[in-house]
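Ligands are counted one by one from 1 in listed order, and the atoms in each one are counted from 1 as well.
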Amino acid sequence: MNILNSNKSEVLDKESLRQLEFIEKAKGYVEELKKELGRTPTACVVTFGCQMNARDSEKLVATLKLIGYEETESENADFVIYNTCTVRDNADQRVLGRLGACSSHKKKNPHMKIAICGCMMQEQSAVEKIQKSYRFVDLIFGTHNIYKFAELLCTSFESDRMIIDIWKETDKIVEDLPVLRKYPFKSGVNIMFGCNNFCTYCIVPYVRGRERSRSPKDIIRECEKLAKDGVKEVMLLGQNVNSYGLDFKEDDPNRISFPQLLDEVTKVEGIERVRFMTPHPKDLSDELIEVIAKNPKIARHIHLPLQSGSTEILRRMNRRYTKEAYLELVAKIRKRLPDVALTTDIIVGFPGETPADVDETIDVVKKASFDNAFTFIYSKRTGTPAAGFEDQVPEAEVKENFDRLLKVVQETARKTTEKYQGITASVLVEGVNEHDSSLLTGRLSNNTLVHFPGDEGLIGSFVDVKLTECHGFYFMGEKV
Ligand code: SAH
Ligand code: SF4
Ligand code: F3S
């Protein structure tokens, strides 16, 4: 696996070429540090949050490697960078806890640099907190200027001050930044950035800005580079992939629909499976369902966030669909795509939610027979409309509703997953099982996890596996 976009010859974008020059410059600083330490300095990137952040971190890792750091998993490193998430309060708290622990490492290693970036840094209050209580941090930047990482590193090497660079918004998309994947055989591919939906509970539109789509040419070119470098599965990423391309002018030849883009990506030589995340139920089109039905390279998995099954709560969440519309969409998907696994996200404890509203959610879970559901307790995000709603639900009531829902979610997921018992399907082998090294772990097209005995050499390839034993949401299997 190569660091892509590390040679000027592979890079078309002007800003990326500029950043490659900062990488050259930063190499000199790291070289000096290496002499001083008498060893290669180490760097650790800690990532919180969603696939978007994971993909951003792959760019940070590439830059750190190119300038001469050796990657490590330990936060007791010469450079530690936290790529933060702020979608729920517990994500914030986890980052601050880890950051606090880092200060003791820095006391022992004065050469150490600590940086913090990502979604949480787009909130002024969070930056102020770091400035006040975490004075040992060297560098703070946000989501819109992450492409400037090499440049910011140079600035930081040239100064003892805390460097802070946060932008409110951007319309710029920087292509061709150096990137080193976590997995050789699969990769996320951003197709758009930002979100225009403003669900009333959600901070993402405020920290990631307005929707900006990448041109189809750039996306295809990236997929081609990835395929040449050994990638077999890509996941197209966006907060609402259905609105891909809608920000282009109507006569712009770049204006193709998401289903068209999806189809194009499957034509890239070497790409054998294509996933996408996340479609918004309010605009999942018949065209998308048809494209999936006709194209076996598109994964048999749709993650369709429900959030709530109560039409009144959905209205207050600004989700712009009703319980009935969601169920109709599910029925349509199940009918045309019988082999597709459906998963979802659900929030419990949104302001004003009653036990009867939760009963509506439970009803949808049962009727939709989700393969899996991620359930979250509502977290009040300062600056979002829902934070100002007066009818916040008491914690004990939320807990009770959450437990009630979780039980049904687990029962439903088990029942739905059990249906795959005995089938043989193609699995992309992702790695050695974490608990038992005689087993391999991989995923079916429908995203179901399967563990089976096999040899490490199979990692990164597609293998036919018979699903022999259902264990809730995953299977044990045998290679056929
Ligand atoms: N764009 C995607 C998801 C983005 S955030 C979508 O529209 O579905 C991922 C999930 O976090 C959401 O689906 C939602 O279930 C959850 N989430 C977002 N804000 C939240 C909040 N304030 N409290 C609890 N969960 C939240
Ligand atoms: Fe948040 Fe809604 Fe946008 Fe998803 S669609 S990121 S939940 S505002
Ligand atoms: Fe979190 Fe930012 Fe993703 S807030 S969920 S990392 S877009």
message: Using a 4.0 Å cutoff against the non-hydrogen atoms of Gln307, which atoms of ligand 1 qualify?
response: 8 (O), 12 (C), 13 (O), 14 (C), 15 (O)
- request: Number the atoms of ligand 1 from 1 as they appear, then name those within less than 4.0 Å of a heavy atom of Tyr378, with their elements.
  value: 23 (N), 24 (C)
How about [X] and [Y]: does a side-chain donor come under 3.5 Å of a side-chain acceptor?
{"X": "Asp78", "Y": "Thr42", "result": "yes"}
{"X": "Gln307", "Y": "Tyr326", "result": "no"}
{"X": "Arg55", "Y": "Ser187", "result": "yes"}
{"X": "Asn83", "Y": "Ser57", "result": "yes"}

Polar contact flag for [X] and ligand 1 (N/O pairs, less than 3.5 Å):
{"X": "Gln239", "result": "yes"}
{"X": "His280", "result": "no"}
{"X": "Asp345", "result": "yes"}
{"X": "Arg88", "result": "yes"}

Verdict with supporting geometry, Phe276 and Ile292, side-chain contact (heavy atoms from CB on, under 4.5 Å): CA-CA 11 Å; Phe276 60 90; Ile292 299 174; 4.0 Å; yes
Between [X] and ligand 1, which part of the residue brings a heavy atom under 4.0 Å of the ligand: side chain, backbone, both or neither?
{"X": "Arg319", "answer": "side chain"}
{"X": "Val87", "answer": "both"}
{"X": "Phe376", "answer": "side chain"}

task: Answer with yes or no whether Arg208 contacts ligand 2, where contact means a heavy atom under 4.0 Å from a ligand atom.
output: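 False for this residue.
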query: Looking at ligand 1, does Ile347 have a heavy atom less than 4.0 Å from it?
result: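 Checking ligand 1 against Ile347, which is what was asked, there is a heavy-atom contact under 4.0 Å.
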Pair Phe141 + Phe149: ring centers closer than 6.0 Å: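 Centroid distance Phe141-Phe149: below 6.0 Å, so yes.
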Identity and distance of the protein heavy atom lying nearest [atom]:
{"atom": "atom 24 (C) of ligand 1", "result": "Ile377 O, 3.4 Å"}
{"atom": "atom 7 (S) of ligand 2", "result": "Tyr201 OH, 3.3 Å"}
{"atom": "atom 8 (O) of ligand 1", "result": "Pro305 CG, 2.9 Å"}
{"atom": "atom 19 (N) of ligand 1", "result": "Tyr201 CD1, 3.3 Å"}

Heteroatoms of the protein, restricted to N/O/S, which lie under 2.8 Å from atom 3 (Fe) of ligand 2: Cys195 SG
query: Taking atom 22 (N) of ligand 1 as the point of reference, which of Cys85, Ser379, Pro279 owns the nearest heavy atom?
result: Ser379
query: For ligand 2, which atoms have a heavy atom of Arg319 less than 4.0 angstrom away?
result: 2 (Fe), 7 (S)
So does [X] pair up with [Y], basic N to acidic O under 4.0 Å?
{"X": "Glu222", "Y": "Lys225", "result": "no"}
{"X": "Asp92", "Y": "Lys129", "result": "no"}
{"X": "Glu418", "Y": "Lys415", "result": "no"}

Minimum heavy-atom distance [X]-[Y], with the two atoms named:
{"X": "Asn53", "Y": "Cys119", "answer": "OD1-SG, 4.3 Å"}
{"X": "Leu337", "Y": "Ile289", "answer": "CD2-O, 3.8 Å"}
{"X": "Arg414", "Y": "His471", "answer": "NH2-C, 4.4 Å"}

task: Write down, by chain and number, every protein residue that brings a non-hydrogen atom to less than 4.0 Å from an atom of ligand 3.
output: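 Those residues closer than 4.0 Å to ligand 3 by some heavy atom are Gly49, Cys50, Asn53, Cys85, Thr86, Val87, Cys119, Arg208, Gln239.
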message: Tell me every residue that passes side-chain contact (heavy atoms from CB on, under 4.5 Å) with Thr441, counting only those two or more places apart in sequence or in another chain.
response: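 Only Asn433, Leu449, His451 meet the side-chain contact (heavy atoms from CB on, under 4.5 Å) criterion with Thr441.
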query: What is the ring orientation for Trp167 with Tyr147, classed by angle as parallel under 30°, tilted 30 to 60°, or perpendicular over 60°?
result: perpendicular
message: Once you measure the plane-to-plane angle for Phe376 and Phe374, does it fall in the parallel (<30°), tilted (30-60°) or perpendicular (>60°) bin?
response: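 It falls in the parallel class, under 30°.
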- prompt: Hey, what do you get for CE (Met192) to CG (Leu236), rounding to the nearest 0.5 Å?
  reply: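 Rounded to the nearest 0.5 Å, the CE-CG separation comes out at 11.5 Å.
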message: Taking side chain to side chain donor-acceptor pair (under 3.5 Å) as the definition, give me every residue that meets it alongside Arg404, ordered by chain and number, with sequence neighbours left out.
response: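 Side chain to side chain donor-acceptor pair (under 3.5 Å) check on Arg404 returns Asp359, Asn401.
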task: Apply side-chain contact (heavy atoms from CB on, under 4.5 Å) to the pair His280 and Arg320, showing each step before the final yes or no.
output: CA-CA 10 Å; His280 193 304; Arg320 290 179 273 171; 5.7 Å; no
